[in-house]
Amino acid sequence: MATNAAQKLTRKDFVSDQDVRWCPGCGDYSILAQVQKIMPEIGVSRENTVFISGIGCSSRFPYYMNTYGFHTIHGRAPASATGLKVSRPDLSVWVVTGDGDGLSIGGNHLLHALRRNVDLKILLFNNRIYGLTKGQYSPTSELGKVTKSTPAGSADHPVNPLLFALGVDASFIARTIDVEAKHQQDILTRAANHRGAAFVEILQNCNVFNDGAFASLTDRELKSDTQLLLENGKPMIFGKNKDRGIRLRGMSPEVVTLGNGITADDLLVHDENDPVLGFMLSRLAQPAFPMPLGVIRATNKVTFDAAMNSQIQDAMAKSGDGDIDKLLRSGDVWTVQ
Amino acid sequence: MATNAAQKLTRKDFVSDQDVRWCPGCGDYSILAQVQKIMPEIGVSRENTVFISGIGCSSRFPYYMNTYGFHTIHGRAPASATGLKVSRPDLSVWVVTGDGDGLSIGGNHLLHALRRNVDLKILLFNNRIYGLTKGQYSPTSELGKVTKSTPAGSADHPVNPLLFALGVDASFIARTIDVEAKHQQDILTRAANHRGAAFVEILQNCNVFNDGAFASLTDRELKSDTQLLLENGKPMIFGKNKDRGIRLRGMSPEVVTLGNGITADDLLVHDENDPVLGFMLSRLAQPAFPMPLGVIRATNKVTFDAAMNSQIQDAMAKSGDGDIDKLLRSGDVWTVQ
Amino acid sequence: MATSPVGVLPPKPVVERDNVVIRFAGDSGDGMQVTGMQFTNESVFAGNEIGTLPDFPAEIRAPTGTLYGVSAFQVNFSSQSVYTPGDDLDALVVMNPAALKTNLADLKQNGLLILDKAEFNEPNLKKAQYAKSPLDDGSLDKYQLYPVEITKMTTLALKDMNLPNRSVMRCRNFFALGVVSWLYNRPIEPTVKWITERFKKNTEVLEANTLALKAGYNLGENTELFASSYDIKPAKIAPGLYRNITGNTATAIGFVAAAKKAGLPLFLGSYPITPASDVLHDLSTLKNFNVYTFQAEDEIAGIGSALGAAFGGSIAITTTSGPGMNLKAETIGLAAVVELPLIITNIQRSGPSTGMPTKPEQSDLLQALYGRHGEAPLPVIAASSPADCFFAAYEAVRIAVKYMTPVILLTDGYLANASEPWLLPSSADLPEVNVEFRTDPQGFFPYLRDEDTLARPWVRPGTPGLEHRVGGLEKDYLTGNISYAPSNHEQMVRVRYRKMAKITQDIPPTKINGPESGKLLIIGWGSTYGSITAAVKGFQEQGKSVSHIHLRHLNPLPADLGDILSRFEKILVPEMNMGQLLRVLRAEYLVDAVGLNKIQGRPFKVSEITARISRMLEE
Amino acid sequence: MATSPVGVLPPKPVVERDNVVIRFAGDSGDGMQVTGMQFTNESVFAGNEIGTLPDFPAEIRAPTGTLYGVSAFQVNFSSQSVYTPGDDLDALVVMNPAALKTNLADLKQNGLLILDKAEFNEPNLKKAQYAKSPLDDGSLDKYQLYPVEITKMTTLALKDMNLPNRSVMRCRNFFALGVVSWLYNRPIEPTVKWITERFKKNTEVLEANTLALKAGYNLGENTELFASSYDIKPAKIAPGLYRNITGNTATAIGFVAAAKKAGLPLFLGSYPITPASDVLHDLSTLKNFNVYTFQAEDEIAGIGSALGAAFGGSIAITTTSGPGMNLKAETIGLAAVVELPLIITNIQRSGPSTGMPTKPEQSDLLQALYGRHGEAPLPVIAASSPADCFFAAYEAVRIAVKYMTPVILLTDGYLANASEPWLLPSSADLPEVNVEFRTDPQGFFPYLRDEDTLARPWVRPGTPGLEHRVGGLEKDYLTGNISYAPSNHEQMVRVRYRKMAKITQDIPPTKINGPESGKLLIIGWGSTYGSITAAVKGFQEQGKSVSHIHLRHLNPLPADLGDILSRFEKILVPEMNMGQLLRVLRAEYLVDAVGLNKIQGRPFKVSEITARISRMLEE
Ligand SMILES: Cc1ncc(C[n+]2csc(CCOP(=O)(O)OP(=O)(O)O)c2C)c(N)n1
Ligand SMILES: Cc1ncc(C[n+]2csc(CCOP(=O)(O)OP(=O)(O)O)c2C)c(N)n1
Ligand code: SF4
Ligand code: SF4
Ligand SMILES: [Mg+2]
Ligand SMILES: [Mg+2]
């Protein structure tokens with residue numbers, strides 16, 4: 001990835017000249033701000049960065065970034081991003097998608113981009129609702145959700161984006177939330193620095209059609225009890241007084257209170273390299289458990305784009321840069337006098 | 001599900017009048033035979049059974065079943081099956097798909113049918129290749145696979161169908177293999193009796209384009225060392241002499257030999273209700289581990305079709321069978337004299 | 001008919017008008033849609049004919065005061081027949097500078113311009129990209145300007161309630177509605193009734209809105225603001241029971257009515273998309289009509305699930321707009337060859353690609369006819385007005401089950417959201433929708449066709465002895481088993497064409513509005529109905545030879561169409577596209593018809609059609 | 001030119017023929033494709049003009065001996081010009097009863113029928129659904145029947161090698177080839193050479209096949225079986241270097257050549273589908289040409305990835321067949337409005353729906369023109385012969401990058417698999433493919449258009465100062481920023497149409513084969529080229545006024561086309577569909593052209609076209 005260290009960029013360099021058109025109060029604003037904030041830090045230049053999105057409120061994102069951008073069609077951003085990244089490995093390619101765009105119509109492309117491990121940074125803004133089409137339920141909406149299209153409550157069990165990513169063996173999986181600026185920046189930076197498909201679920205409030213979907217996680221009073229902030233190699237502790245933790249009992253996690261003989265040493269220690277642990281963590285559901293935020297999994301595997309490009313380089317090294325006349329004349333040829 | 005106990009059917013009743021057109025030696029023949037075999041046992045009538053498929057060699061399946069059948073288009077069978085099952089909960093609806101049909105083009109529909117928990121029996125014939133289109137690699141082909149479309153070897157990490165199903169929280173997940181007639185029948189019967197989306201991966205040899213893909217599992221000499229036959233509530237033992245087993249070390253599984261102080265009590269006990277265990281099992285890969293066959297997960301959740309139908313029944317109970325004239329006259333009406 | 005609050009001043013003069021076109025425009029948060037709808041309601045009660053046009057911004061909730069956040073609603077009300085929401089405006093009500101900026105161009109010279117003075121402040125003017133206030137620079141001199149203190153007067157009217165400012169601001173639209181109601185002598189009772197029902201759970205809001213409405217009304221009555229008010233006499237309207245209905249609701253109800261007539265469950269498989277989503281929303285509330293609504297993961301699953309339900313014996317529907325139509329194409333082809341009834345509804349919007357999702361267009365006709373691989377002809381039916389969506393939807397179902405074929409139903413974003421008063425039919429008057437499932441195994445073949453309709457039998461799974469398989473591979477003409485025989489393929493392709501031709505027997509003789517032959521024939525389809533009718537009427541009233549036919553069936557075309565075309569010297573085809581029906585007519589009948597094409601995401605103005613007709617008559 | 005094994009008997013008489021059509025037919029496992037290809041090779045070396053037609057079964061590997069497991073290969077070889085694989089057969093070689101059953105209908109009366117006697121046993125006859133052996137019931141009397149003991153003689157020839165029976169059976173096809181090679185005086189050296197190379201790693205097979213081939217040849221030479229052999233003199237063929245090429249390989253190489261000329265990487269995003277997959281296979285072996293091939297998860301990702309690569313500055317291609325075209329439609333619309341170069345290749349097959357996947361058809365033309373929502377016109381280019389696929393593919397890329405537009409390239413399953421000798425061009429003779437990426441920020445706007453071509457600038461990400469965003473929403477005419485302005489939309493729709501019109505400047509004057517005006521003009525496109533040319537030639541040789549034009553550009557149409565059409569009394573449009581080009585011509589030029597439509601998954605026979613022309617000349 002080419003970096004442009006010539007001049008140090010600032011956040012402002014990544015702000016485009018277009019008016020931001022989200023609803024006032026939308027969680028998307030904060031995500032935009034954090035992304036613009038980390039851009040100068042991760043060391044790619046504006047011209048070598050491309051944001052690709054599908055359709056949805058979230059997918060308007062590229063217009064607001066002063067980089068190259070492509071607002072494609074509903075659900076298909078990972079496909080276009082794959083074609084771009086494979087053929088242009090020098091670029092830093094970001095995908096912005098929503099819970100509908102990425103997990104409803106676009107689930108298959110997301111699945112394949114992740115399992116192929118294409119070196120893309122994929123940000124899924126999960127507001128558990130269809131924003132742009134004005135409030136139908138989405139695949140991440142909770143069972144029984146009453147929306148415009150489900151006046152009697154939705155009848156389908158939701159998808160858990162993290163589990164889904166683990167199921168297709170994604171190499172980097174994380175979760176963060178719109179209102180936690182610092183946490184978001186950290187996670188986005190980790191994603192940017194990961195080599196391979198980096199999948200980040202960003203919990204995002206749609207204050208118009210699904211206001212308060214994550215209220216328990218953002219409420220100042222509650223959040224230290226509801227957020228489980230993961231740190232690699234660290235025991236899983238949470239709570240206002242840092243006195244609660246997650247312990248393993250058999251193969252099942254349980255919430256314990258520290259003290260009375262229970263110490264940090266008894267707790268589960270986070271290991272970003274353990275997919276089984278990641279799976280277990282991703283299944284933790286409120287209210288019985290706090291919600292894990294942070295890097296669920298980070299592991300190394302060869303990226304698809306690198307493998308494809310080395311095949312081409314190998315072929316060139318082996319057979320030389322292709323010659324059209326030779327190609328035309330290959331196979332059985334004969335001369336008519 | 002309406003059953004027709006009037007007359008006891010036999011295997012032959014489920015054989016249609018169409019010539020079976022798979023290649024001689026294809027693993028599909030055995031699967032067809034087993035399905036036809038269990039049909040009379042599971043107690044549905046021919047007329048209440050529907051097989052729906054996509055496109056691929058495997059998807060020719062419905063033509064050979066003397067039931068109702070629908071050979072749809074590539075990848076879309078779960079969608080049509082969902083529409084049918086939701087609107088006709090009285091039918092027993094089966095989906096037949098391939099690794100390409102179900103996990104490449106059709107991955108998204110499979111994902112959603114599973115997470116919605118539609119009461120479908122979904123059989124995925126996994127031969128790790130595209131048969132019908134004559135031998136391109138599929139999403140389940142191993143990394144580096146040399147095929148017509150990947151002469152330099154495939155560059156993408158494969159999908160593990162079981163992990164995928166766990167990632168979308170499918171309620172029934174199992175794996176069996178074409179050559180083991182009895183095991184197949186057991187698993188198919190379990191699937192048939194499960195209420196909800198039952199996902200069965202059937203390892204299937206394509207002797208023309210990917211012959212021997214599962215040779216290590218089918219070889220008479222090797223198979224007792226390579227197959228891990230799961231039974232709920234039983235310790236995980238395998239090997240010719242039933243002297244090897246799977247033990248947990250921390251959160252990681254390991255293969256141990258019984259004896260020298262290691263007994264069956266030290267081994268992992270299979271629990272179909274534990275998705276984390278299922279996840280761990282599904283990740284076991286040859287040659288370090290044997291390959292699990294059997295029911296990986298079986299759990300109960302409300303089915304989508306049942307929930308949808310009870311919403312309709314509730315509405316009818318509450319508001320009475322809809323009246324068109326009333327509907328026309330609803331809203332603000334006025335009379336012009 | 002209606003009584004009004006009693007004023008204290010001597011009554012002002014009342015000027016009579018035949019017809020008025022008014023538009024309410026403001027910020028998305030200003031409640032302009034409600035205002036427009038209530039004004040429509042009042043006009044309906046006043047006995048006028050009406051036409052309406054809502055115009056939403058593309059953004060969900062754009063920042064306040066911006067140009068792209070403007071929402072508007074236009075009402076045409078008249079003592080005469082009304083066919084459209086009207087062209088240029090007689091009156092424009094704007095709640096802020098942005099609304100003025102984006103709407104002023106449509107106001108007639110000397111038209112009434114009512115605006116909320118307080119809103120023309122520095123920040124708002126800047127957001128609307130006014131360098132200088134238009135109130136000060138004389139640019140509004142050519143209009144009758146009424147800078148009303150809407151905000152201030154609303155605040156005043158509600159001051160006793162001690163509401164937070166935000167709540168007061170939410171009542172401004174009712175104040176404005178009150179003013180305009182007085183101005184046009186509209187009864188405000190229907191609005192009071194509506195407020196009372198709508199806010200029955202929130203008496204504070206109920207009271208505030210009512211107060212604001214009445215205060216606005218009284219302003220007109222009691223102050224010198226307007227010198228006179230206007231009266232629009234009731235129109236001669238056919239007697240009967242009426243309801244105001246949007247195209248999308250009419251579409252939804254049309255499907256339900258047809259399914260009920262057939263005695264079958266209705267299954268909708270759909271994926272949300274503007275402007276089609278409301279059909280899904282509406283149907284999802286009608287579960288007690290045995291209606292299944294399935295919000296699928298995408299459009300492919302939407303139609304796929306519907307096709308599965310059709311296989312199972314339900315009346316199967318899928319709804320979408322342009323982008324989704326592409327995705328459904330492959331399954332439409334499958335449905336065509338398995339010959340199952342299925343309605344594919346395309347509520348067209350401005351394309352290509354994402355285009356302008358909230359704006360209407362008629363540019364998917366050729367896609368409906370040819371937008372899939374292979375030879376897969378299908379019936380295509382179009383609705384011509386909001387209420388007509390009911391009949392078009394109903395007809396689509398009837399044709400689909402009678403001929404065992406998918407049918408494409410076209411409406412558009414304009415019909416979808418616009419509403420019109422509808423003289424309600426009674427279910428007894430609707431044509432029958434006959435479905436007879438095959439149950440007899442004797443002599444059964446899956447592709448044995450009815451002689452009259454060429455329909456194959458519809459068999460519900462669950463029927464003993466009729467087990468059979470269908471699929472997308474070419475099938476034997478009789479047995480339906482896979483067949484690659486060359487002549488069988490040709491026979492199958494041709495019989496699918498012949499089935500389309502059979503449908504002409506269901507198309508009534510084409511209604512010609514105007515002389516049966518003559519100088520100029522206008523042919524239209526879809527939502528241009530109103531504009532064309534109004535334009536043609538103008539010429540007919542002058543005794544000019546201009547006729548109009550409007551096609552409901554785009555495929556097959558009516559049997560008498562070629563003959564009709566041959567009887568006119570000139571043919572004009574106005575379309576909100578680049579000439580799609582035009583292409584079909586030229587190819588089919590070799591007539592040198594010409595197109596009038598507007599592709600701006602907006603319906604035709606009557607004047608645009610009138611101008612073109614005039615030119616053609618002169619040429 | 002060629003030498004043959006020396007026989008021992010006195011040479012038999014040699015009968016001279018201008019033209020022979022032969023077909024080899026047998027079970028899928030019988031190696032008929034190899035046999036046909038080698039016979040073709042021999043004929044090429046004998047200096048004949050040739051035309052070939054492979055015909056695969058739909059099943060991968062059907063059970064042996066079944067009717068649906070029959071595989072065939074037809075060769076037309078001549079001392080004259082050849083345009084097609086030939087109509088009816090002069091000779092038919094069948095390896096089993098099923099092959100006889102499915103192919104006999106095409107053999108001319110008194111034609112040569114060679115069959116393997118041993119295979120006409122009970123089980124095989126039953127599998128072929130013969131109640132009685134046709135060898136015994138007199139049904140073959142009207143042919144020159146040669147029941148050769150192919151199996152037995154092959155076994156005999158190889159007995160010294162002690163091979164397992166299975167291996168022996170695999171040599172039967174070479175024995176048959178030997179017999180036929182002798183019969184038509186073909187040199188067998190090319191085949192010997194081919195066997196030697198093909199099996200160089202397996203000397204046993206090499207030797208066995210060679211022995212079988214020679215034994216077959218000697219059978220003719222040394223026995224009384226045939227009274228005479230036939231000779232077909234070399235044709236007058238333009239001198240130069242030739243190669244036999246299939247349409248799919250030509251397509252693949254055409255893309256690579258164009259990308260190389262442009263100096264850019266080539267990116268193919270595709271999903272396997274019959275009959276298009278071979279283009280993917282071929283390109284995936286050409287990595288050293290800087291060719292990326294991406295087997296995507298489906299067709300949507302295939303085109304989506306290609307569009308991403310186009311955005312990145314690669315020559316972007318996607319390939320598919322009918323069913324996949326539906327799925328690509330939405331992205332084609334996006335590509336049309338973001339105005340990036342992208343080639344969408346549809347290798348047409350029999351539809352609708354899954355149809356008959358291994359059979360060709362031309363029924364996706366209207367879909368290419370109109371198969372997406374909104375007004376999204378695109379250039380459509382078609383290839384007319386296997387080798388022509390090279391030039392059509394090349395031209396598609398050239399137009400795409402010059403005009404910054406997606407281009408739809410149409411070939412079909414017949415062109416894809418058929419092959420023809422190709423006088424190889426040299427890369428220096430190919431037209432330039434000019435690409436100039438914009439790098440200058442001065443005065444840059446993403447939609448600033450070139451005056452001549454109306455192309456917008458192509459900017460590679462990575463270029464400093466030109467960062468910009470594109471997307472599917474309607475865009476401002478200059479800046480490309482989102483715009484909902486009504487008149488801007490109309491301007492954008494119209495400029496996209498105008499760009500298509502501009503492309504006519506790249507279309508050379510239409511070549512008319514025959515008189516420039518007159519009685520009858522035949523217009524074709526695509527793979528009907530050969531059959532039409534052959535039919536027309538017949539009439540021209542008789543001095544009849546019949547002309548032929550064959551369209552490469554289906555959109556835009558050539559500027560001179562209307563004028564040409566007006567110069568003929570009658571116009572006939574033969575198509576392997578229900579009249580798709582016909583519809584376009586009628587709508588565009590209001591000409592009363594008529595169609596000749598065959599929709600059987602098979603190319604036209606020359607005689608079918610000839611018969612129709614005769615009728616039209618008589619009428
Ligand atoms: C093919 C297609 N189908 C449907 C739509 C309509 N549509 C646009 S965005 C959207 C869902 C958006 O939801 P999500 O991805 O969660 O994004 P959000 O708006 O919530 O950020 C839908 C259904 C479309 N644009 N294209
Ligand atoms: C839309 C579409 N794309 C592509 C194809 C071609 N196609 C048919 S089957 C198939 C893959 C089959 O693979 P799999 O699902 O593994 O089935 P198998 O033949 O191996 O049983 C493909 C690519 C098609 N029929 N339709
Ligand atoms: S609708 Fe919701 S997600 Fe969309 S911009 Fe508004 S608040 Fe944000
Ligand atoms: S190609 Fe493979 S999967 Fe298909 S029928 Fe033949 S052996 Fe079976
Ligand atoms: Mg969302
Ligand atoms: Mg497969």
Contacting region of C:Val338 [heavy-atom separation from chain B under 4.5 Å]
side chain

Heavy-atom contact with chain C under 4.5 Å, split by part of B:Gln337:
backbone

Can you tell me which portion of B:Arg46 sits under 4.5 Å from chain C's heavy atoms? Options are side chain, backbone, both or neither.
both

Please test C:Val470 against B:His71 for side chain to side chain contact (heavy atoms under 4.5 Å, CB included), starting from the C-alpha separation and ending with a verdict.
CA-CA 6 Å; C:Val470 295; B:His71 181 218; over 6 Å; no

Should C:Glu297 and B:Arg116 count as side-chain neighbours, where that means a heavy-atom distance under 4.5 Å?
yes

Determine whether C:Arg469 and B:Phe70 make a side-chain contact, defined as any pair of heavy atoms from C-beta on separated by less than 4.5 Å.
no

Are B:Trp334 and C:Pro421 packed together at the side-chain level, in the sense that at least one heavy-atom pair is separated by less than 4.5 angstrom?
yes

Could you walk me through whether B:Glu47 and C:Arg460 pass the salt bridge (Lys or Arg N to Asp or Glu O under 4.0 Å) test, one step at a time?
CA-CA 9 Å; B:Glu47 69 268 20; C:Arg460 284 177 92 236; over 6 Å; no

Quick check on B:Arg115 against chain C: is it the side chain, the backbone, both or neither that has a heavy atom closer than 4.5 Å?
neither

Heavy-atom cut-off 4.5 Å, strictly under: side chain, backbone, both or neither for B:Thr49 against chain C?
neither

Looking at B:Asn66, B:Asn108, B:Val50, which one has more heavy-atom pairs under 4.5 Å with chain C than the rest?
B:Asn66

Out of C:Ala257, C:Gly472, C:Gly308, which one racks up the most heavy-atom pairs below 4.5 Å with chain B?
C:Gly308

Do you know which of C:Arg243, C:Lys261, C:Lys287 has the most heavy-atom pairs under 4.5 Å to chain B?
C:Arg243

Under the side chain to side chain contact (heavy atoms under 4.5 Å, CB included) test against B:Leu328, which residue among C:Ile253, C:Val256, C:Leu241 passes?
C:Ile253

Could you walk me through whether C:Tyr292 and B:Ile312 pass the side chain to side chain contact (heavy atoms under 4.5 Å, CB included) test, one step at a time?
CA-CA 8 Å; C:Tyr292 294 81; B:Ile312 290 188; 3.4 Å; yes

In terms of heavy-atom pairs under 4.5 Å with chain C, which of B:Ser330, B:Ser319, B:Ser16, B:Gly75 leads?
B:Ser330

Could you grab the distance from atom CZ of B:Arg76 to atom CG of C:Leu307, nearest 0.5 Å is fine?
13.0 Å

Any C:Phe267 side-chain heavy atom under 4.5 Å of B:Val86 side chain:
yes

Looking only at B:Ile73, B:Leu111, B:Val333, most heavy-atom pairs under 4.5 Å shared with chain C are made by B:Ile73

What pair of heavy atoms forms the shortest contact from C:Val459 to B:Tyr68, and how long is it?
CG1-OH, 3.4 Å

Honestly, the part of C:Pro265 sitting under 4.5 Å from a heavy atom of chain B is neither

Heavy atoms only, distances under 4.5 angstrom: which of B:His74, B:Met316, B:Arg88 has the most pairs with chain C? Name it, please.
B:Arg88

Polar side chain donor-acceptor pair, C:Asn481 to B:Tyr63, under 3.5 angstrom
no

Pairs meeting criterion salt bridge (charged side-chain N to carboxylate O under 4.0 Å, His left out) with involvement of residues 244-260 of chain C, two or more places apart
B:Asp321-C:Lys260

If I measure from the heavy atoms of chain B, does C:Leu466 come under 4.5 Å with its side chain, its backbone, both, or neither?
both

Give, for atom CG of B:Asp323 and atom CZ of C:Phe289, the distance between the pair rounded to the nearest 0.5 Å.
6.5 Å

